[in-house]
Participant: 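This structure is in structure tokens; I'll ask about it shortly.
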2 protein chains.
Amino acid sequence: MALAEAILVCLTDRPMSGYDLAKYFDASIGFFWRASHQQIYRELGRLRERELVESKEISQSGKPNRIVHTITDKGRAAVTGWSSKPVRMPSVKDELLVKLYALETVDTKAMREQISVRLEQHQSKLSEFKRIKSRFYDGKDLTVNQKGKLIALELGIDQELFRIAGWETVLRKMSDAGV
Amino acid sequence: MALAEAILVCLTDRPMSGYDLAKYFDASIGFFWRASHQQIYRELGRLRERELVESKEISQSGKPNRIVHTITDKGRAAVTGWSSKPVRMPSVKDELLVKLYALETVDTKAMREQISVRLEQHQSKLSEFKRIKSRFYDGKDLTVNQKGKLIALELGIDQELFRIAGWETVLRKMSDAGV
DNA sequence: TGACAATATGCAACAATGTGCATATAGTCA
DNA sequence: TGACTATATGCACATTGTTGCATATTGTCA
């Protein structure tokens with residue numbers, strides 16, 4: 001249940017509403033731990049029960065009220081405790097690679113198209129990461145926390161570059177194999 | 001529910017028992033789509049219900065009887081149909097990267113150890129992939145199906161190499177950041 | 001001789017994730 | 001004026017994944 005910890009990590013930065021968190025996940029930490037807004041709201045309820053966050057409703061006119069969640073001392077301790085425990089290897093699940101396992105049975109024309117789509121997706125992620133980097137990090141004085149995020153972001157950039165090269169190689173090798 | 005398809009893909013190779021499949025997942029296709037034996041047995045039951053596989057019990061003395069599953073024509077058609085449909089981006093979930101997001105709150109000494117463990121895991125995967133490659137593929141005449149698996153395997157090798165370099169870079173950058 | 005690994009299948013319970021829907025208001029664009 | 005987007009929260013259900021257990025025999029190692 002590391003979603004709990006991912007949320008707490010976000011809240012070490014600043015108090016946020018569920019909606020804020022959902023956006024933050026979409027634009028930042030979600031690159032390394034994806035979560036939908038439903039997951040986030042559900043998990044926030046549990047965190048409140050476990051007293052790892054404190055929630056305060058803030059009145060708004062027109063729009064629904066915001067519920068702002070603040071990490072508690074207990075929550076901060078939970079993050080530190082979690083951080084010292086071993087992690088598992090990230091789970092591996094990629095249908096596109098499974099399809100490579102049955103090259104004689106699959107529709108290879110469709111597969112090439114899917115690889116092209118995948119390439120575009122990596123390309124757009126790459127652009128996004130680069131944009132974020134130049135906008136928020138380049139040429140700035142950074143706190144340790146920000147440096148950590150930058151390290152993650154740069155790993156993300158390299159990863160996208162690697163994946164683009166990787167799938168292009170796959171396309172070439174498929175041609176060599178005659179499919 | 002692409003586990004169903006991953007199993008069917010395995011069975012396009014040859015009929016197998018649940019136990020065989022579990023081993024096959026551990027040693028081959030599971031590099032790209034992990035599954036436990038419990039998941040596999042459960043899914044085999046569903047595949048049988050949907051008539052995508054045919055199951056035959058084979059008597060054995062001493063050991064429990066094997067139940068050998070064979071893909072049906074309907075199953076083969078299901079693989080081809082599935083293969084032409086778009087895939088989604090693999091889900092991203094890595095606690096170690098999440099920890100980078102709270103560098104001021106986490107136990108960085110423990111984190112460095114976790115990165116070392118991760119590096120060893122990638123190293124041993126790399127060795128395994130290379131061993132499989134040299135043992136089953138190098139210098140052999142390959143069918144199209146085998147070529148597909150080799151392409152996946154080589155992508156796996158490059159990926160492990162990339163990840164080793166990536167995490168080593170992270171360690172260096174953490175030092176540069178003073179943690 | 002006792003412990004353990006390998007072979008072989010599978011249930012039950014629980015935890016985590018994902019999909020679809022529901023609600024409510026304000027502002028923008030065609 | 002109607003469609004759409006953004007803000008803001010959340011339930012119900014379905015699927016998927018994990019953990020622990022249960023059974024039963026053979027072979028190997030200490």
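Proteins come first, then strands; the chains are lettered A, B, ... in the order of their sequence lines, and each starts at number 1.
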Participant: Can you see if the side chain of Ser91(B) gets near the phosphate of dT17(C) - specifically, an N or O under 4.0 Å from OP1 or OP2?
Facilitator: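 The answer is no; no side-chain N or O of Ser91(B) sits under 4.0 Å from OP1 or OP2.
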
Participant: Can you measure Leu21(B) atom CG to dT7(C) atom P for me and round it to whole angstrom units?
Facilitator: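 Answer to the nearest Å: 14 Å.
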
Participant: Choosing from dG17(D), dG10(D), dT17(C), which nucleotide comes nearest the side chain of Leu3(B)?
Facilitator: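 Of the options given, the side chain of Leu3(B) lies nearest dG17(D).
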
Participant: Going hydrophobic residue to hydrophobic residue with side-chain gaps under 4.5 angstrom, can you get from Val68(A) over to Leu47(A)?
Facilitator: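 They do not share one cluster, since no chain of ILVMFWY contacts under 4.5 Å joins Val68(A) to Leu47(A).
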
Participant: Kindly compute the distance separating CD (Glu104(B)) from CG (Asn145(A)), expressed to the nearest 0.5 Å.
Facilitator: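 Spacing of CD (Glu104(B)) from CG (Asn145(A)) equals 4.0 Å.
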
Participant: Taking CD from Gln38(A) and P from dA16(C), how many angstroms apart are they, rounded to a whole number?
Facilitator: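 Taking atom P of dA16(C) as the reference, CD of Gln38(A) is at 18 Å.
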
Participant: Over how many whole Å does the gap from Arg88(A) atom CZ to dA15(C) atom P extend?
Facilitator: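 So the two atoms are 14 Å apart, to the nearest Å.
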
Participant: Separation of Tyr41(A) atom OH from dC21(C) atom P, in whole Å?
Facilitator: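 Going from OH in Tyr41(A) over to P in dC21(C) covers 19 Å.
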
Participant: Distance from Glu160(B) atom CD to Ser127(B) atom OG, nearest 0.5 Å?
Facilitator: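 Output value for this atom pair is 9.5 Å.
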
Participant: Among dT7(C), dG10(C), dT9(D), find the nucleotide with the atom closest to the side chain of His37(B).
Facilitator: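 Per side-chain heavy atoms of His37(B), the pick is dG10(C).
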
Participant: Starting at NE2 of His69(A) and ending at C1' of dG10(D), how long is that distance when rounded to a whole Å?
Facilitator: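 In whole Å, dG10(D) C1' and His69(A) NE2 are 11 Å from each other.
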
Participant: Could you check how far NZ of Lys93(A) sits from P of dT18(D), rounded to whole Å?
Facilitator: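 After rounding, the gap between these two atoms is 7 Å.
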
Participant: In terms of side-chain heavy atoms of Gln39(B), which of dT9(D), dT17(C), dT18(D) is nearest?
Facilitator: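 Nearest to the side-chain atoms of Gln39(B), counting from C-beta on, is dT18(D).
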
Participant: So, under a plain 3.5 Å distance rule, would you say the side chain of Arg42(A) forms a donor-acceptor pair with the base of dG18(C)?
Facilitator: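 Yes, the side chain and the base share a sub-3.5 Å donor-acceptor pair.
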
Participant: Is there a side-chain polar atom (N or O) of Ser36(A) under 4.0 Å from OP1 or OP2 of dT17(C)?
Facilitator: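 The answer is no; no side-chain N or O of Ser36(A) sits under 4.0 Å from OP1 or OP2.
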
Participant: Which listed nucleotide (dT17(C), dT7(C), dA8(D)) is nearest to the side chain of Tyr19(A)?
Facilitator: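 That would be dA8(D).
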
Participant: What integer distance in Å separates Ile58(A):CD1 from dA8(D):P?
Facilitator: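 It works out to 10 Å between those atoms.
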
Participant: Could you give me the CA-CA distance, side-chain angles and deciding distance for Ile132(B) and Arg135(B), then say whether side chain to side chain contact (heavy atoms under 4.5 Å, CB included) is met?
Facilitator: CA-CA 5 Å; Ile132(B) 293 170; Arg135(B) 181 152 170 210; 5.8 Å; no

Participant: Taking NZ from Lys56(B) and C1' from dA8(C), how many angstroms apart are they, rounded to a whole number?
Facilitator: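 It is 19 Å, rounded to the nearest whole Å.
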
Participant: Assuming nearest nucleotide by heavy-atom distance, tell me which of Val68(A) and Glu43(B) is located more 5' along DNA chain D.
Facilitator: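 On the 5' side of the pair lies Val68(A).
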
Participant: Check the pair Ile29(B), Cys10(B) against side chain to side chain contact (heavy atoms under 4.5 Å, CB included), reporting the backbone distance first and the verdict last.
Facilitator: CA-CA 8 Å; Ile29(B) 200 168; Cys10(B) 297; 3.8 Å; yes

Participant: Among dT17(C), dT9(D), dA8(C), which is the nearest nucleotide to the side chain of Trp33(A)?
Facilitator: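 Ranking dT17(C), dT9(D), dA8(C) by closest atom to the Trp33(A) side chain puts dT17(C) first.
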
